[in-house]
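What follows is a set of notes on a single structure, which appears directly below.
A, B, ... follow the sequence lines: proteins, then strands. Residue 1 opens every chain.
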2 protein chains.
Amino acid sequence: MNGDYTRRMTESGAVEREQGNGRDPDAVSAFVEGFAAQLVEAGMQRMAARVFAALLASDAGALSSAELGEQLQVSPAAVSGAVRYLSQVHMVSREREPGSRRERYRVHSDQWYEALTNRDAILKRWGQTLRVGVDSLGAETPGGQRIAETLAFFEYLEGELTKLMERWREERARIFGESS
Amino acid sequence: MNGDYTRRMTESGAVEREQGNGRDPDAVSAFVEGFAAQLVEAGMQRMAARVFAALLASDAGALSSAELGEQLQVSPAAVSGAVRYLSQVHMVSREREPGSRRERYRVHSDQWYEALTNRDAILKRWGQTLRVGVDSLGAETPGGQRIAETLAFFEYLEGELTKLMERWREERARIFGESS
DNA sequence: CCTTAACTTCACAAATTTCTGAAGTCAGCG
DNA sequence: CGCTGACTTCAGAAATTTGTGAAGTTAAGG
């Protein structure tokens with residue numbers, strides 16, 4: 001049922017550490033799948049969610065396409081699609097590895113919260129639609145007023161979220177230091 | 001292709017007003033479908049989004065199942081499912097009409113923003129998952145730290161959103177008055 | 001330049017979601 | 001108490017979304 005993209009076990013049959021340290025692959029996988037499931041529930045595409053969770057849990061905060069494919073047991077095509085989506089929404093950035101034509105995908109640890117609230121673009125589009133709605137219905141009609149109120153809320157939200165994220169950046173620096 | 005649940009045009013062939021005032025059904029429909037499409041893009045189920053948008057644009061802020069079915073040209077079953085979902089997430093409330101066994105579904109105009117941020121429950125569940133992740137990976141590992149930071153962000157967000165909504169309620173009262 | 005590793009794109013099969021028609025259920029009314 | 005109107009539930013058809021294999025592309029390395 002799945003195309004067997006490289007095995008998870010070593011030839012000795014023992015479950016082996018993935019990178020340098022003593023990570024338990026099963027526990028990691030459990031977390032990855034669990035968190036991904038919640039992202040899916042919140043509306044993210046399944047494969048994108050799994051890739052993102054895997055990156056978040058990875059040691060280096062970055063993995064290559066091949067590593068992702070192996071860990072998640074999916075085809076290169078699936079990884080490619082997921083990564084395309086994730087970089088479009090700025091949740092992941094791609095970087096060329098120095099030598100080889102291998103690419104790595106990275107969660108910038110901070111950059112991705114921004115994405116979460118960087119619904120800016122989205123909020124703007126919603127604003128557009130709602131404004132048209134108010135016009136269509138007429139600003140004096142009950143429906144028009146209801147939509148105008150929704151619009152006002154979104155505009156408020158947009159401003160407040162910006163401020164909130166600024167405060168978070170400070171808070172974050174205070175707690176975790178300036179590290180990337 | 002669709003089961004023809006009551007017509008949108010009158011027998012005379014003219015497009016007619018829907019309720020008491022001069023709403024243009026086509027314009028309303030255009031707004032409803034446009035806004036619904038954006039909600040869908042943001043992850044909401046299609047039918048739920050359409051029903052919600054229709055209610056938002058409606059004159060009374062409330063419609064019966066039959067009215068929704070007619071306006072959206074869908075079966076009673078579809079309306080039923082959408083409304084079930086919407087009330088589960090507190091975006092719409094159901095009310096019994098005085099006399100008849102007919103029910104109406106209402107957007108409370110304010111209540112629904114709450115739902116938007118009433119990701120409270122959701123944020124709590126995410127927190128759970130992330131905490132488990134930190135434990136699984138080990139708080140000292142890079143992955144564990146990355147997840148711990150994400151967790152901290154969500155906890156911050158939860159608190160701030162609560163405050164934000166309180167401020168909005170004041171703002172709203174200031175601009176629009178206390179009306180429901 | 002030719003080879004080859006490392007993605008990407010695309011057509012299609014599989015899985016999932018969404019909506020419908022039909023068969024309930026439940027209360028109000030006569 | 002049975003009828004009827006107004007939902008609700010459910011099985012299955014239709015549409016949509018996902019993920020795969022296979023066939024490109026592109027650029028590093030010989």
Checklist entry - Through what angle, rounded to 10 degrees, does the axis of the helix from dC1(C)-dG30(D) to dG30(C)-dC1(D) turn between its ends, using five pairs per end? => result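 Its terminal axes enclose an angle near 10°.
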Checklist entry - Quick one: is Arg102(A) getting a side-chain N or O under 4.0 Å of the dA6(C) phosphate, OP1 or OP2? => result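 Arg102(A) to dA6(C) OP1/OP2: side-chain N or O found under 4.0 Å.
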Next on the checklist: Can you list, in residue-number order, the parts of residues 77-84 of chain B that come under 4.0 Å of DNA chain C, counting heavy atoms only?
Outcome noted: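 Within this stretch, Ala77(B), Ala78(B) sit under 4.0 Å of the strand.
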Item to check | Residue pair Arg96(A), Glu103(A): steps toward the salt bridge (Lys or Arg N to Asp or Glu O under 4.0 Å) verdict | outcome: CA-CA 5 Å; Arg96(A) 211 55 178 211; Glu103(A) 221 162 8; 3.5 Å; yes
Checklist entry - If every non-hydrogen atom of Arg106(A) is compared with every non-hydrogen atom of Ala60(A), which pair is closest and at what distance? => result NH1-O, 3.3 Å
Checklist entry - Which of parallel (below 30°), tilted (30 to 60°) and perpendicular (above 60°) describes Trp126(A) and Phe35(B)? => result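 Trp126(A) and Phe35(B): perpendicular rings.
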Nearest whole angstrom, please: distance from the [atom2] of [N] to the [atom1] of [X].
X        : N       : atom1 : atom2 : result
Tyr85(A) : dG19(D) : OH    : C1'   : 17 Å
Gln73(A) : dT20(D) : CD    : P     : 10 Å
Glu67(A) : dC7(C)  : CD    : C1'   : 15 Å
Leu68(B) : dC19(C) : CG    : C1'   : 16 Å

Next on the checklist: Going by side-chain hydrogen bond (donor to acceptor under 3.5 Å, both in side chains), name the residues that satisfy it together with Ser64(B), two or more places apart in sequence or in a different chain.
Outcome noted: Glu67(B)
Checklist outcome for this item: Sorted by chain and residue number, the side-chain hydrogen bond (donor to acceptor under 3.5 Å, both in side chains) partners of Glu166(A) (sequence neighbours excluded) come out as none
Next on the checklist: Please evaluate residues Arg167(B) and Tyr156(A) with respect to the criterion side-chain contact (heavy atoms from CB on, under 4.5 Å), reporting the C-alpha separation (whole Å), side-chain torsions for both, the decisive distance (0.1 Å), and the verdict.
Outcome noted: CA-CA 10 Å; Arg167(B) 292 199 301 273; Tyr156(A) 182 77; 3.1 Å; yes
Please tabulate, one pair per line, all N/O donor-acceptor pairs under 3.5 Å involving side-chain atoms of residues 40-56 of chain B, not counting sequence neighbours.
from     : atom 1 : to        : atom 2 : distance (Å)
Glu41(B) : OE2    : Arg125(A) : NH2    : 3.1
Arg50(B) : NH1    : Glu33(B)  : OE1    : 3.4
Arg50(B) : NH1    : Glu33(B)  : OE2    : 2.8
Arg50(B) : NH2    : Leu72(B)  : O      : 3.1

Checklist entry - Mind checking whether Phe31(A) and Val132(B) sit in one hydrophobic cluster, side chains of I, L, V, M, F, W, Y counted as touching below 4.5 Å? => result no
Checklist entry - What is the nucleic acid contact for Arg94(B), judged by heavy atoms within less than 4.0 Å: base, sugar-phosphate only, or nothing? => result sugar-phosphate
Next on the checklist: Set out, in order, the CA-CA distance, both residues' side-chain angles and the distance that settles side-chain contact (heavy atoms from CB on, under 4.5 Å) for Gln71(A) and Leu63(A), then state yes or no.
Outcome noted: CA-CA 10 Å; Gln71(A) 194 180 325; Leu63(A) 293 170; 3.9 Å; yes
Checklist entry - With the sugar-phosphate defined as primed atoms, P, OP1 and OP2, and the base as all remaining atoms, what B/S/- string results for nucleotides 23-30 of chain C, 5' to 3', for protein heavy atoms under 4.0 Å? => result --------
Checklist entry - Would you say Val107(A) and Met91(A) make side-chain contact, with heavy atoms under 4.5 Å? => result no
